[in-house]
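What follows is a single structure, written as structure tokens, with notes after it.
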Amino acid sequence: MASFPKRTVTCGGLRGEDERRDVVLNGWVDVVRDLGGLLFIDLRDRYGVTQAVVDPDVVDAERLARARELRPEYVVALAGTVRRRPAENVNRERATGAVEVLVRDLEILNRSKTPPFEIRDDAQVSDEVRLRYRYLDLRRSSLRGALEKRNAFFLALRRALEREGYIEVETPLLTRMTPEGSREYVVPSRVHPGRYYALPQSPQVFKQLLMIGGLDRYFQIARCLRDEDLRADRQPEFTQLDLELSFGDEEDVFSIIESVLRDAIRDTFQREVAVPFRRMAYQEAMDRYGLDKPDLRFGLEIRELAGCLRGSGFRVVDEVLAAGGLVRGLVVEGGAERLSRKEIDGLTEFVAGFGAKGLAFLKADAAGALSGSLARFVDGERRARLRAECGFRDGDLLLVVADRPAVACRSLGELRNELARRLGLVPRDERLEFTWITEFPMCEWSDEEQRFVATHHPFTMFSEEEPGQLERGPGKVRARAYDLVLNGWELGSGSVRIHTREEQQRVFQLLGIAPDEAREKFGFFLEAFEYGAPPHAGIALGLERTLALLLGRGNIRDLVAFPKTASAKCLLTGAPTDVPEQVLRDLGLPCAAPQRGAEDCPARGGG
RNA sequence: GGGGGUGUAGCUCAGACCGGUUUAGAGCGCCAGCCUGUCACGCUGGAGGCCGCGGGUUCAAGUCCCGUCACCCUCGCCA
């Protein structure tokens with residue numbers, strides 16, 4: 001038997017046709033409006049808000065007194081009769097606004113302290129307070145709605161993948177450390193003192209083993225953990241749609257992802273996405289947009305300026321070109337008036353943040369007069385070329401970076417995004433510009449490590465134009481890897497995998513992983529290749545990022561029920577915490593705790 | 001690890017640039033009283049401050065200086 005009057009409807013369920021029904025509501029008090037005689041209670045739960053009326057002519061003094069005790073966030077059970085509101089009192093803002101519940105009886109199930117912030121969507125509250133009292137923030141429809149969308153989207157993904165014959169398999173959370181890649185969380189073993197598991201940065205190795213195991217079509221909505229510094233779009237724990245297929249290649253991965261995303265977005269957001277997605281080679285993305293995750297919602301493409309500016313007397317240009325650098329820029333339409341000298345100085349600092357040593361500029365006013373740091377190097381002929389080749393017209397602003405290729409592309413790419421934000425070039429509609437970025441280089445030379453490092457990961461298949469190219473000119477070999485980009489965010493990446501031991505060993509060797517080391521760290525994996533590994537390919541998509549873009553949110557924190565701060569702390573529980581010395585001893589860990597001041601305690605409810 | 005921003009009432013913020021001007025304010029919330037059709041109810045009154053923390057300069061510090069902590073953004077990092 002229930003110890004309290006159990007609800008017969010939710011706070012979002014009543015409509016005009018429920019008139020005269022006897023109901024019980026359970027929920028939180030949203031607000032009480034005590035008019036002295038009549039008293040209105042807005043009662044809230046996940047499903048909505050319903051107005052209840054306590055009428056002193058209907059209830060006895062004891063119940064009236066109890067009603068007057070109610071405060072926001074009290075948990076109550078209300079019993080009463082549904083009645084239509086008089087026409088002039090209908091609240092059209094609310095789904096239940098045509099009715100109200102005339103209270104016959106009420107019980108306070110729990111009291112609440114005054115919450116640290118009001119449970120209202122329009123209340124502006126700092127992230128710090130929201131995270132500390134996350135359970136209160138969860139009562140607000142904005143956060144709850146995001147989690148409901150997350151759930152609906154995940155279900156839709158699972159439905160679509162089920163339909164395509166994919167099977168969801170869970171892979172271990174306690175696994176072995178991988179030598180390449182991001183920093184992993186390490187878990188000490190009590191049973192094996194001095195030995196450690198690692199939490200997976202991704203299920204990469206296991207999903208390939210599942211292919212070798214003949215699972216054929218695998219997916220997992222998988223938690224991934226990385227001990228790296230955080231950003232608005234990065235949490236230490238995040239969720240990927242991880243997917244792998246056998247006997248297929250890029251085309252199969254593209255088509256399954258396109259179809260699954262299209263269906264899930266249609267089901268969850270009632271929005272249509274055009275498939276197939278656009279495709280763009282890495283080099284084209286870098287040349288036109290400066291970044292490997294271009295935002296294609298606006299133009300403002302990067303212009304090649306070597307031809308127009310070579311030999312103009314602007315020394316930096318010629319020096320940079322002679323050293324193999326790039327001279328490129330952006331033409332800002334109407335920018336001559338829209339951007340002041342001071343703002344351009346600010347942009348110079350902005351690109352300096354990405355290593356650019358300078359930002360030259362040229363303004364042409366409405367009458368055609370030139371000004372700016374480039375003006376004295378641009379004669380009539382060069383001006384005509386700028387107009388013809390780059391569309392530089394009167395009233396426009398040309399911003400130029402001359403630098404090493406990597407710096408020139410990056411700084412102009414970031415500058416392009418920044419200008420689009422400032423000048424309002426990003427369309428306000430909800431357009432979704434999906435793009436596959438393909439043909440990444442296989443590896444890059446790392447000055448820091450003095451070796452080649454894999455651009456994607458060391459299990460990625462490469463495409464050699466001739467045998468032995470990987471060894472002779474590794475910088476020129478392309479990986480069969482691809483990224484999925486949406487509106488300037490990288491949603492995820494994947495590749496066709498290596499499936500023979502020989503090719504895998506060639507890549508390990510290229511990356512400077514000695515045969516002994518490879519055997520020790522990846523022996524089990526190389527061995528698996530010797531027992532009939534099928535050709536396979538796959539991808540992993542960051543689902544919080546995908547949802548953040550679909551919901552128009554600037555960070556992924558609200559797609560996570562209990563997120564961590566920029567310093568990877570949980571403000572609700574206080575994690576990470578010290579642990580008792582005995583626990584460390586049992587684990588065979590050194591007990592010397594670093595000297596520290598008093599740690600913040602988790603919230604105790606204030607007041 | 002580096003850079004930038006923020007930190008003042010429960011919440012969101014003024015005050016700080018140029019030290020003394022009020023007894024550090026506002027809106028919301030909170031408490032009390034009044035109010036029988038409100039819906040962010042209204043009206044009247046009230047309580048509430050280690051000005052993040054520690055040091056320094058000064059006759060005098062919310063305000064200036066140094067350090068430190070927390071949160072946010074970001075570079076590095078994130079195969």
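Residue numbers start from 1 in every chain, and the chains themselves are labelled A, B, ... in the order their sequence lines are given, proteins ahead of strands. Only this structure's heavy atoms are used, side chains among them; waters, hydrogens and symmetry mates stay out. These numbers come from a predicted model, not from an experiment.
Per the geometry, CZ belonging to A:Arg140 stands 13 Å off P belonging to B:rC11, to the nearest Å. Put simply, CG on A:Leu230 is 14 Å from P on B:rA70, counting in whole angstrom units. For A:Leu70 and B:rC30, the CG to P distance is 13 Å, given to the nearest whole Å. One interatomic measurement links the two molecules: CD of A:Gln124 to C1' of B:rG10, which rounds to 17 Å at whole-angstrom precision. Taking atom CZ of A:Arg130 as the reference point, atom P of B:rU12 lies 11 Å away to the nearest angstrom. Rounded to a whole Å, the CG atom of A:Asp121 is 16 Å from the C1' atom of B:rU12. Between the CZ atom of A:Arg132 and the P atom of B:rC72 there is a distance of 14 Å, rounded to whole Å. Between A:Asp233 atom CG and B:rC72 atom P there is a gap of 14 Å when expressed in whole angstrom units.
Nucleotide B:rU58 forms a pair with no other nucleotide shown, judged by Watson-Crick or G-U wobble geometry with both contacts under 3.5 Å. Checking B:rA9 for Watson-Crick or G-U wobble geometry (two distances, each under 3.5 Å) identifies no partner in any strand. Of the nucleotides present, B:rG52 is the one that pairs with B:rU68 by Watson-Crick or G-U wobble criteria, both distances under 3.5 Å. Of all nucleotides present, only B:rC34 satisfies the Watson-Crick or G-U wobble test against B:rG42, with each distance under 3.5 Å. With a 3.5 Å ceiling on both atom-pair distances, B:rU22 lacks any Watson-Crick or G-U wobble partner.
Comparing B:rC73, B:rG10, B:rC30 by their closest approach to the side chain of A:Pro72 singles out B:rC30.
For the C1' atoms, the distance from B:rA14 to B:rG7 is 14 Å, rounded to whole Å. Of the C1' atoms belonging to B:rG49 and B:rA24, the separation is 9 Å, rounded to the nearest Å. On the C1' atoms, B:rG52 is 10 Å away from B:rU8, given to the nearest whole Å. Comparing the same atom, P, in B:rG20 and in B:rC78 gives a spacing of 50 Å after rounding to whole Å. B:rC51 and B:rA16 have their C1' atoms separated by 11 Å, with the value rounded to a whole Å. Taking atom C1' on both B:rC69 and B:rG33, the two are 44 Å apart, rounded to the nearest angstrom. To the nearest whole angstrom, the two C1' atoms, one in B:rC66 and one in B:rU23, are 31 Å apart. One P atom belongs to B:rC41, the other to B:rG25, and the distance between them is 29 Å to the nearest Å.
Looking only at distances, a side-chain donor or acceptor of A:Arg68 sits under 3.5 Å from a matching main-chain atom of A:Gly36. Checked by atom type and distance alone, the side chain of A:Asn555 never pairs as donor or acceptor with a backbone atom of A:Asp233 at under 3.5 Å. Under the 3.5 Å distance criterion, the side-chain polar atoms of A:Arg85 are matched with a main-chain donor or acceptor of A:Val99. Proximity of a side-chain donor or acceptor of A:Gln504 to a complementary backbone N or O of A:Pro458 within less than 3.5 Å is detected. Not one N or O on the side chain of A:Arg44 forms a donor-acceptor pair closer than 3.5 Å with the backbone of A:Trp28.
A:Tyr282 and A:Phe440 have tilted rings, their planes meeting at an angle from 30° to 60° on a 0 to 90° scale.
Using a 4.0 Å cut-off between charged side-chain N and carboxylate O, A:Glu490 and A:Lys293 make no salt bridge. The existence of a salt bridge linking A:Arg84 and A:Asp18 is excluded, since no basic side-chain nitrogen approaches an acidic carboxylate oxygen closer than 4.0 Å. A salt bridge does not link A:Arg226 to A:Glu228: none of the charged side-chain nitrogens sits closer than 4.0 Å to a carboxylate oxygen. Ion pairing between a basic and an acidic side chain is recognised when a charged N comes within 4.0 Å of a carboxylate O; A:Asp42 and A:Arg33 show such pairing. Taking a cutoff of 4.0 Å between a charged side-chain nitrogen and a carboxylate oxygen, A:Arg519 and A:Asp516 qualify as a salt bridge. A salt bridge links A:Arg410 with A:Glu414: the distance from a Lys NZ or Arg NE/NH1/NH2 to an Asp or Glu carboxylate oxygen falls below 4.0 Å. Salt-bridge check for A:Arg66 with A:Asp105: passed, with a basic side-chain N closer than 4.0 Å to an acidic carboxylate O. For A:Arg478 and A:Glu464, the salt-bridge test fails: no basic side-chain N is under 4.0 Å from an acidic carboxylate O.
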For a quick check, with a 4.0 angstrom heavy-atom cut-off, what is the B/S/- contact string for nucleotides 34-41 of chain B, read 5' to 3'? -BBBBBBB

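Contacts of residues 504-514 of chain A with RNA chain B (heavy atom under 4.0 Å): none.
Residue A:Arg92 is classed as having no contact, given no heavy-atom separation below 4.0 Å to the nucleic acid. In this structure, A:Pro458 reaches the bases: a heavy-atom distance under 4.0 Å links it to at least one base atom across the strands shown. Counting non-hydrogen atoms under 4.0 angstrom, A:Ser567 reaches the backbone sugars and phosphates but no base. Within the 4.0 angstrom heavy-atom criterion, only backbone atoms of the sugar-phosphate kind lie near A:Ser126; the bases stay farther away.
Between A:Phe354 and A:Phe459, the residue whose closest nucleotide on RNA chain B is further toward the 5' end is A:Phe354.
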Check nucleotides 1-7 of chain B for protein N or O atoms closer than 3.5 Å to its own N or O atoms and list the pairs.
| from | atom 1 | to | atom 2 | distance (Å) |
| --- | --- | --- | --- | --- |
| B:rG1 | O6 | A:Asp229 | OD2 | 3.4 |

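One finds no side-chain N or O of A:Thr114 lying less than 4.0 angstrom from the OP1 or OP2 phosphate oxygen of B:rG10.
Counting distance only, with no hydrogens placed and no angle test, the side-chain atoms of A:Arg234 and the base atoms of B:rC78 include a donor-acceptor pair under 3.5 Å.
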